2 protein chains.
Amino acid sequence: MRLTSKGRYGVSAIVDINNHGKEGKPVTLAAISERQFISLSYLEQLFRSLRAGGLVRSVRGPGGGYFLARPASEITIANVIQAVNEPIRTTLCENAVRGCHRGKRCDTHELWDAMGKHIYRFLDAVSIEMVCQKEVDLNNLELKPVEDIVTEVRMEQKIAKVS
Amino acid sequence: MRLTSKGRYGVSAIVDINNHGKEGKPVTLAAISERQFISLSYLEQLFRSLRAGGLVRSVRGPGGGYFLARPASEITIANVIQAVNEPIRTTLCENAVRGCHRGKRCDTHELWDAMGKHIYRFLDAVSIEMVCQKEVDLNNLELKPVEDIVTEVRMEQKIAKVS
DNA sequence: ATAAATCTGATTGTTTTAGTCAAGTATTTT
DNA sequence: AAAATACTTGACTAAAACAATCAGATTTAT
């Protein structure tokens, strides 16, 4: 799971749907584009992923647009970020390298592992609904215990080359 | 503050110095290069920043190398990451944009702000010494209260373009 | 039919990052 | 003094990731 502005836009878009999707009417990308200052074509690309990730439902044709596929309280920030980043990234021997050479974990392995879990616990604790309800104090959340965390956040884009 | 593999390498290097710098002898980049599988030239670049950031002291000439500039217990992961990323990034009107258009904060402003603080609290709570002492449980740290946090972690690389 | 929307693929451009190269300077050893 | 060691610096290159676009196809309400 990577933290990029793509994820940020994805969250903005989902939040926008929750804030402006009134009375059973779907929200159009054009409307999101205007309110969130994201280009229509880029939104199209984002919603490709969001739809594939099961976060939104679409209605085609005039009067169409997008709904949230489930209640805002059941969509976490982690869900959104994961959805928009998913496309590629599916190579074999993925975690074979990960900075640790030839089987032995590097001295900092536990550190990055813990950091990833720490970040994920936050993103997993915040729902779209919480972002929309301005009362919630995002700085003092109840986080799930570490044991329950499976997915983690990665730091690296590239892998170290030797000498 | 950005989370990239550059920061990861920086931490690996600093940890290496702490682990292998025995009996008042400085540690050479060549030694770090071999042990941590980082190219010498890349280490040179990294240590330029680490030195500028006041984290290491250098000794030139044969028998030279690098020391930690202060005890490992007083160097945090946040310190290291900040040091290696610092170079550019000093433009004017920096946080003028930040995803929020024309003065009004966007709907997700508080979210990303809270996330940044959350990440920073972790990185600021972990010292190099803690990483080296394998006994410490990095998953259950005592973090500083949010009020004390000033620096934050950014998510975005680029800024949204409008329509 | 037409227009409003989503959908799909392929592709482009830009930035950032990772990494290299070459030429220095300082210091110690011999 | 010479030579070797090691840091120092600046400039440069390559490649990946990311942001963004485009052209066209499909669906559906009116």
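Since the model is a prediction, treat every value here as computed from it, not as a measurement. Below, chain A is the first sequence line, B the second, and so on; all start at residue 1.
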Self-check item: A:K6 side-chain N/O to A:L3 backbone N/O, donor-acceptor pair under 3.5 Å
Solution: no
Quiz prompt | Plane angle bin for B:H118 and A:H118 - parallel if under 30°, tilted between 30 and 60°, otherwise perpendicular | solution = parallel
Exercise. Using a cut-off of strictly less than 4.0 Å between a heavy atom of the residue and any atom of DNA chain C, enumerate the qualifying residues of residues 54-64 of chain A by number.
Key: A:S58, A:V59, A:R60, A:G61, A:P62, A:G63
Close side-chain approach of [X] and [Y], heavy atoms under 4.5 Å:
X: B:I14; Y: B:N79; value: no
X: A:I128; Y: A:I17; value: no
X: B:T76; Y: B:L123; value: no
X: B:I81; Y: B:Y120; value: no

Practice problem: Among the candidates C:dA22, D:dA23, C:dT20, find the nucleotide nearest to the side-chain atoms of B:S39. | Solution: C:dT20
Self-check item: Residue A:Q45, side-chain heavy atoms: nucleotide from C:dT8, C:dG19, D:dA20 that is nearest
Solution: D:dA20
[X] has an atom [atom1]; how far is it from atom [atom2] of [N], in whole Å?
X: B:F67; N: D:dA6; atom1: CZ; atom2: P; answer: 13 Å
X: A:L46; N: C:dC7; atom1: CG; atom2: P; answer: 14 Å
X: B:R51; N: C:dA26; atom1: CZ; atom2: C1'; answer: 11 Å
X: A:N85; N: D:dA16; atom1: CG; atom2: P; answer: 19 Å
X: B:L29; N: D:dA6; atom1: CG; atom2: C1'; answer: 8 Å
X: A:F47; N: D:dT26; atom1: CZ; atom2: P; answer: 23 Å
X: B:I32; N: D:dC7; atom1: CD1; atom2: C1'; answer: 12 Å
X: B:L43; N: C:dG19; atom1: CG; atom2: P; answer: 10 Å

Practice problem: Please tell me which of B:R48 and B:T28 maps to the more 5' nucleotide of DNA chain D, matching each residue to the nucleotide holding its nearest heavy atom. | Solution: B:T28
Self-check item: Minimum-distance pair of heavy atoms, taken over all atoms of B:C132 and B:N18
Solution: SG-OD1, 3.3 Å
Quiz item: When we call it a touch if two heavy atoms are under 4.0 Å apart, what does B:Y66 touch: a base, just sugar-phosphate, or nothing?
Solution: sugar-phosphate
